[in-house]
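Data block below; observations after.
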Amino acid sequence: MTWDGIGPRGGICVNGKYFLLSSRQAAMVIAASILETGLIVLPATLSEIAGRDAWLAALTAAGMIAGWSLVMAALARRFHPHSLMEGARIILGRFLGSAAAGIYLLYWLLVSAKVLREWTEITGGILLPRTPPVVVMILMLLPVAIAARQGIEELARTMEILLPLQLLVIVPGFIVSIPKFDPHNFLPVLAEGPGRVLYGGLIMFQQSEGLEVILMLAPALAAGTSWAAVSLIGVGIPLALALGAIATITAVFGPSEAGFLLWPVLAWMRQIRVPVEILERPDLLFTGVWITAAYTTIAMNVFLVSTGAARLLGLKSHRGLVLPFAAAALVLASLPRGIDAARAWSERLGWFNLVPLMVMPLLLLVTSWIRGMAGGAPSGAKPR
Amino acid sequence: MKDRTLAWRPLLLLAAAMATTLVAAGCWDRVEVEDRGLVVGIAIDTQETGGLVMTFQYAVPGLIRPAGTSGADGGEGRGMQAFWNVATVSDSVFQGEELISTRAYPAPYLGHLQVLVFGEHAARQGIFPQLDFFLRSMEVRRSIPVMVARGSAATIMQLVPPLWSVPSIYLARLPENEVRTSRMGYLVTLGDLADLIRRGEDFILPRIIPGQQEVKLAGSAVFQRGRMVGWLGEEETQATRIIINRFRGGTVVSARDIIHPGEAKVNYRPTRIESEIKAVVSEGVPMFLVEVEADGDIVEHTRIHNVLEEDMLKLGRGIAALMEEQLLGTVKKVQRDLKADIFGFGPALRRQYPDTWRRLSPDWQQIFPQVEVRVKAKVTIWRVGVER
């Protein structure tokens with residue numbers, strides 16, 4: 001393979017063939033897709049389940065997610081150069097494959113609605129308490145729809161710019177929190193027993209929405225892409241942040257208080273005292289920057305559901321489907337009455353997530369293996 | 001046809017962008033900065049009848065002058081204050097905030113709150129019901145310090161020394177002096193308190209004593225299950241800070257000269273103190289060993305003579321013995337009089353012997369006053385001090 005440089009629209013050229021995304025961009029897309037509300041809410045959920053061992057539950061989940069990302073990578077390599085939508089039909093046949101693809105479309109739509117609702121609550125609670133939630137949602141969906149219409153290249157480049165910015169805000173948070181660390185909050189280890197740790201790990205696994213994104217990126221990536229590396233780096237960034245945030249929040253707040261917090265990461269930012277008071281309200285800076293993670297995650301999911309539907313229906317472009325799906329996300333996000341109802345809805349979605357995140361990829365991988373489809377479907381292969 | 005569509009596109013984009021600004025400008029939540037009622041301090045007292053007396057201290061930004069400057073040229077020189085205290089009687093904190101809005105414009109904004117002070121009577125009745133509002137509020141930071149005033153908290157909100165303009169801002173800065181003295185209770189923030197109370201642990205809060213023009217931040221209020229049960233003096237507060245590893249600075253031992261008894265005074269200032277609480281369980285009965293290690297300097301010695309090498313050892317042992325006596329005395333007083341586990345012996349047992357803790361925790365309040373505690377101090381003198 002020879003390296004031919006940057007392509008005309010920011011993608012890469014390998015062996016004279018143009019591809020939309022570089023490996024780094026693909027990893028950033030996966031990272032930015034996973035890095036959304038999960039991080040904001042997870043420390044409380046895990047503290048509630050595993051108490052002082054929340055960090056152990058997160059570590060268990062990190063192992064599971066990293067391992068499973070390799071399964072996803074193996075499956076994506078088998079699809080290449082098709083996406084999940086065509087790949088599912090090649091492997092499972094037209095009807096079963098379309099049904100499997102339909103499950104993913106529903107999943108992406110529900111994830112868009114979930115993230116939209118959670119961030120509407122955050123924005124409404126902190127920045128715009130008097131603004132009607134529906135206006136906040138519309139304001140969020142407008143740029144999201146524009147980004148989703150542009151396509152994967154623009155989304156990837158946006159994520160490539162925003163992800164370092166998001167890290168730039170949260171990483172100093174770890175550093176200035178060190179004086180507030182109380183390592184006693186981690187003791188005794190395994191106080192709630194290994195069962196709670198494993199259950200907490202499973203719950204975090206459920207929340208790793210975005211892990212499957214690599215399955216849709218296959219058409220935009222070169223054949224020689226190191227799928228495993230892309231997938232591992234993509235999940236590694238949010239996992240490292242989640243692990244750091246969960247451990248920090250347990251060390252700073254203690255497990256009892258951490259379990260009580262609505263948005264523990266925001267509470268953590270409200271607890272921080274920036275040296276020499278150069279910033280009086282670091283939580284507002286954090287919210288302002290971190291909200292971009294919600295935008296990119298919703299945009300990615302709206303893009304996935306519209307592009308997936310377009311591929312399934314044989315349409316030339318996904319653009320016409322973006323607004324209808326964004327509107328559907330708006331309606332779904334408006335349904336739960338109150339944040340408790342939204343959280344209950346999100347918990348149920350977590351169990352449903354196991355189907356597209358765990359069951360379907362395993363089914364597709366095993367079926368393709370049984371049927372002897374060992375990697376890299378010929379580029380001319382058409383879904384039945 | 002295609003060209004015409006392309007020509008319209010920039011105009012459509014411009015129209016869409018302009019339409020967005022109609023809603024994106026945040027009309028519902030727009031508040032001009034001069035319409036923000038900047039509340040910098042809140043004092044909470046209780047009446048004998050049970051009602052809350054809440055004092056909101058507004059800052060008057062135009063009259064605030066930098067710390068340490070004279071007020072003669074500003075508004076204060078003309079008798080105008082840089083703060084305004086508004087008080088109301090209410091059933092709850094939220095209602096208090098609501099009632100303040102009937103008296104003060106702009107309505108209170110708590111995003112810049114600097115300090116929360118409880119009066120003694122309010123603290124004795126329990127502070128958690130009053131904290132709930134602040135913990136739920138999206139405006140209030142979790143990093144604001146919480147203190148207890150001897151007597152009325154509202155009185156504290158009136159006292160400001162000439163170097164400062166606003167009492168709350170002065171009060172919020174005072175704990176920074178903990179690097180010079182550990183006679184003040186360590187800084188406990190709103191967020192820290194939430195965790196302590198939810199865990200059901202006992203704790204101390206800094207005590208404020210009103211003076212003529214200024215306040216004194218020294219000693220601490222002892223809390224058991226969220227209710228104040230008594231006071232700790234300045235030296236007892238210092239001892240408590242050493243035991244729980246929160247010592248930041250100050251002189252630990254001030255004693256009659258150990259080398260030549262009765263002749264002179266010697267002051268030892270640690271540069272580092274580390275302590276550890278070790279639980280030991282024997283036949284199901286816990287006891288605790290507090291191990292303290294200090295490195296520090298002799299900062300004052302009122303008799304002029306050379307400290308010899310053999311004197312150093314004697315001095316070190318003498319300071320360690322005095323420190324042990326001071327720490328143990330504080331533990332005994334707290335066990336005997338206050339019965340509140342402010343040192344965290346219970347949590348130490350939980351960490352080191354979880355099974356024993358599970359068995360004893362329901363009765364810990366009764367067990368704590370009886371437990372045996374030993375203190376072992378090791379003191380190293382780094383510098384005996386020479387004149388410059």
Side-chain angles (χ1 to χ4, degrees), chain A residues 52 121-136 138-140 142-143 145-146 176 179-180 182-192 249-250 252-264 266-274 276-277 280-284 287, chain B residues 13 16-17 19-31 111-114 132 134-145 169 172-173 176 187 189-201 244-246 248 276-277 344 347-358:
Chain A
R52 293 171 198 286
E121 295 287 345
I122 294 172
T123 314
I126 296 172
L127 301 172
L128 304 168
R130 285 182 228 158
T131 305
V134 70
V135 175
V136 177
I138 291 170
L139 285 175
M140 286 185 81
L142 281 174
I146 293 167
V176 295
K180 297 285 286 181
D182 183 0
H184 291 147
N185 282 329
F186 295 118
L187 298 174
V189 178
L190 285 177
E192 308 288 333
I249 284 163
T250 308
V252 171
F253 292 112
S256 328
E257 178 65 3
F260 264 95
L261 298 166
L262 191 57
W263 298 299
L266 293 177
W268 165 34
M269 292 293 153
R270 284 166 65 207
Q271 182 105 338
I272 286 173
R273 282 177 90 97
V274 178
V276 298
E277 297 277 333
E280 202 175 339
R281 299 284 307 264
D283 56 313
L284 294 181
T287 312
Chain B
L13 276 172
T20 309
T21 58
L22 290 175
V23 280
C27 294
W28 284 274
D29 290 281
R30 183 184 60 83
V31 181
H112 294 279
L113 191 66
Q114 303 284 316
D132 189 65
F134 296 102
L135 290 168
R136 286 170 190 265
S137 167
M138 283 294 177
E139 288 177 1
V140 181
R141 285 170 296 159
R142 295 174 64 92
S143 57
I144 60 161
I169 298 175
R173 296 293 293 273
E176 290 175 18
L187 183 82
T189 64
L190 186 63
D192 297 333
L193 262 185
D195 187 35
L196 286 164
I197 293 175
R198 279 200 222 286
R199 282 193 299 206
E201 289 180 13
I244 63 173
N245 221 355
R246 301 287 293 256
R248 295 289 176 270
E276 194 183 0
I277 297 173
L349 188 65
R350 185 200 67 219
R351 290 192 297 271
Q352 293 163 39
Y353 294 90
D355 294 335
T356 309
W357 174 247
R358 260 191 286 276

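Everything quoted here is computed from the prediction, not taken from an experiment. Quick note on labels: first sequence line is chain A, next is B, and so on, each numbered from 1.
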(request) Between chain B and each of A/Pro129, A/Pro255, A/Gly125, count heavy-atom pairs under 4.5 Å; write down the option with the most. (result) A/Pro129

(message) Is A/Ile138 in contact with chain B via its backbone, its side chain, both, or neither, using a 4.5 Å heavy-atom distance?
(response) neither

(request) With a 4.5 angstrom heavy-atom cut-off, could you sort out which part of A/Ala258 is near chain B: side chain, backbone, both or neither? (result) neither

(request) Please report the C-alpha distance between B/Asn245 and A/His184 in whole Å, then the side-chain angles of each, then the deciding distance to 0.1 Å, and finally whether the side chain to side chain contact (heavy atoms under 4.5 Å, CB included) criterion is met. (result) CA-CA 12 Å; B/Asn245 221 355; A/His184 291 147; over 6 Å; no

(message) Side chains of B/Arg198 and A/Phe253, heavy atoms from C-beta outward: is any pair under 4.5 Å?
(response) no

(request) Check whether any side-chain heavy atom of A/Val252 lies under 4.5 Å from a side-chain heavy atom of B/Arg142, and answer yes or no. (result) no

(request) For A/Ser256 and B/Arg199, work out which heavy atoms get closest and say how close. (result) OG-CG, 3.0 Å

(request) To the nearest 0.5 Å, tell me how far A/Arg130 CZ sits from B/Arg30 CZ. (result) 10.5 Å

(message) With a sphere of 6.0 Å drawn around OH of B/Tyr353, does it hold more than 12 non-hydrogen atoms of other residues, nucleotides or ligands?
(response) yes

(request) Applying side chain to side chain donor-acceptor pair (under 3.5 Å), name anything that partners B/Thr189, two or more places apart in sequence or on another chain. (result) B/Asp192

(message) Less than 4.5 Å to any heavy atom of chain A: does that hold for the side chain of B/Glu201, its backbone, both, or neither?
(response) neither

(request) Taking all heavy atoms of B/Ala194 and all of A/Glu257, pick out the closest pair and write down the distance. (result) CB-OE2, 3.3 Å

(request) Check whether B/Gln352 gets within reach of chain A through its side chain, its backbone, both or neither, counting any heavy atom under 4.5 Å. (result) neither

(message) Working to the nearest 0.5 angstrom, can you tell me the gap between A/Leu262 CG and B/Met138 CE?
(response) 6.0 Å

(message) Under 4.5 Å from any heavy atom of chain B, what part of A/Phe186 do you find: side chain, backbone, both or neither?
(response) neither

